[in-house]
Structure formats: structure tokens, C-alpha cells
Amino acid sequence: MSDLEEAFTGLVDALATGDLGGFYGRIDPRAVILDEDLPFRVDRGGFEAHIAFHGPGNWEGFQWKPSHARFLTAGLAGVVTGFAMFRGKPVDSGYRLRPMLFTQTWHREDGDWKVTSWHQSPIVGHVSTQSPG
């Protein structure tokens with residue numbers, strides 16, 4: 001496992017265990033984040049505010065489950081792409097399942113990887129078949 005894969009696993013595990021400090025600590029404060037649930041770009045602070053807005057009192061539970069991740073490093077830069085499933089159970093309604101694609105750009109500084117951009121969007125918005133001839 002590469003050190004980028006280890007950093008990504010640390011990000012995923014921190015979120016899965018509710019360690020938001022550890023999760024946010026792996027994201028550069030200046031990061032550019034385009035989330036499927038927001039209509040505009042945010043930095044880490046804006047993403048933290050978005051997560052806080054949903055608050056633990058609004059959810060019985062949620063998970064961000066990545067799969068089929070691919071990793072590429074080139075010098076001090078790294079890219080992680082893959083699929084993810086957001087699974088959530090709001091307190092007052094049914095379940096939410098959102099399949100999506102994601103791309104993260106990472107940068108290594110002083111031996112530590114940080115997310116510098118993160119884009120995720122629903123699969124339903126992507127072309128799924130080849131254009132007609």
C-alpha cells in the first residue's frame with residue numbers, strides 16, 4: 001500500500017468513526033471542495049459548516065463508502081478517483097442512498113498528504129452510454 005493510499009484510508013476511517021478532527025485534519029484549509037449536496041464551491045471551513053449544519057441530531061447514522069479507488073502519484077501530487085456510496089438515515093424520514101463518482105487531489109508537504117481539492121457528483125448526472133454513431 002502506498003503512502004497516498006494510507007492517507008486516503010486514514011481520511012475514510014476518521015469519517016467512519018466520527019473523528020471529525022482527524023477527518024478535517026487531512027484536508028488543507030485552502031482546499032476547493034465541490035460536493036454533490038452543495039450548489040457552490042467551499043473551502044475546508046465551508047465544508048465543516050455544511051457538515052455541522054446537518055448536525056448529529058438530524059441523523060441516526062450515515063456512511064461514505066468509497067469503492068474501486070484508483071491512486072496516482074507524481075512527485076508531491078497525488079490523485080484518488082473512484083465510486084462512493086453515501087448511505088444515510090435521517091431521524092425523521094426514510095433512507096438516503098446516493099451513488100457518486102469522486103476525484104480528490106492531494107499534495108504532500110513535509111511528508112504529510114493533504115486533500116487540496118475534492119469533487120463528487122451523483123452518477124445519475126453522468127453519461128452512461130456511448131453517443132450514437
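The structure displayed is predicted, hence computed values, not measured ones.
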Any side-chain to backbone donor/acceptor pair from R44 onto I27? Under 3.5 Å, distance only.
yes

For the residue pair F47 and F23, categorise the inter-ring angle as parallel (less than 30°), tilted (30 to 60°) or perpendicular (more than 60°).
tilted

So do P99 and M85 actually touch side chain to side chain, heavy atoms under 4.5 Å?
yes

Quick one: do Y24 and L34 end up in the same hydrophobic cluster if we chain Ile, Leu, Val, Met, Phe, Trp and Tyr together by side-chain heavy atoms under 4.5 Å apart?
no

Connected via hydrophobic side-chain network under 4.5 Å: L15 and L38:
yes

Taking the side chain as every heavy atom from C-beta outward, state whether W64 and F102 have any pair of such atoms under 4.5 Å apart.
yes

Rounded to the nearest 0.5 Å, what's the gap from CD on E36 to NE2 on H119? Could you check?
9.5 Å

Roughly how far, to the nearest 0.5 Å, is the CG atom of D112 from the CG atom of D110?
8.0 Å

Would you say L72 ends up clustered with W118 if hydrophobic residues are merged whenever their side chains have heavy atoms under 4.5 Å apart, either directly or through other cluster members?
no

D35 (side chain) donor-acceptor with D37 (main chain) under 3.5 angstrom
yes

Evaluate side-chain contact (heavy atoms from CB on, under 4.5 Å) for Q104 paired with L11, printing each intermediate quantity in order.
CA-CA 11 Å; Q104 297 173 340; L11 177 90; 3.6 Å; yes

With a 4.5 Å limit on heavy-atom distance, are the side chains of R108 and D3 in contact?
yes

Evaluate the side-chain proximity of W113 to V80: yes if any heavy-atom separation is below 4.5 Å, no if none is.
no

Validation row: R30, T116 side chains within 4.5 angstrom (heavy atoms):
no

Quick one: does any side-chain atom of S117 pair with a main-chain N or O of V32 as donor and acceptor, under 3.5 Å?
no

Flag the pair H50 / I33 as yes when at least one side-chain heavy-atom distance between them is below 4.5 Å, and no otherwise.
no

Determine whether E109 and K114 make a side-chain contact, defined as any pair of heavy atoms from C-beta on separated by less than 4.5 Å.
no

Flag yes if more than 12 heavy atoms outside F83 fall under 6.0 Å of its CZ atom; otherwise flag no.
no

Can you hop from V12 to L97 via hydrophobic side chains spaced under 4.5 Å?
no

Is there side-chain contact between V79 and W106, with at least one heavy-atom pair below 4.5 Å?
no

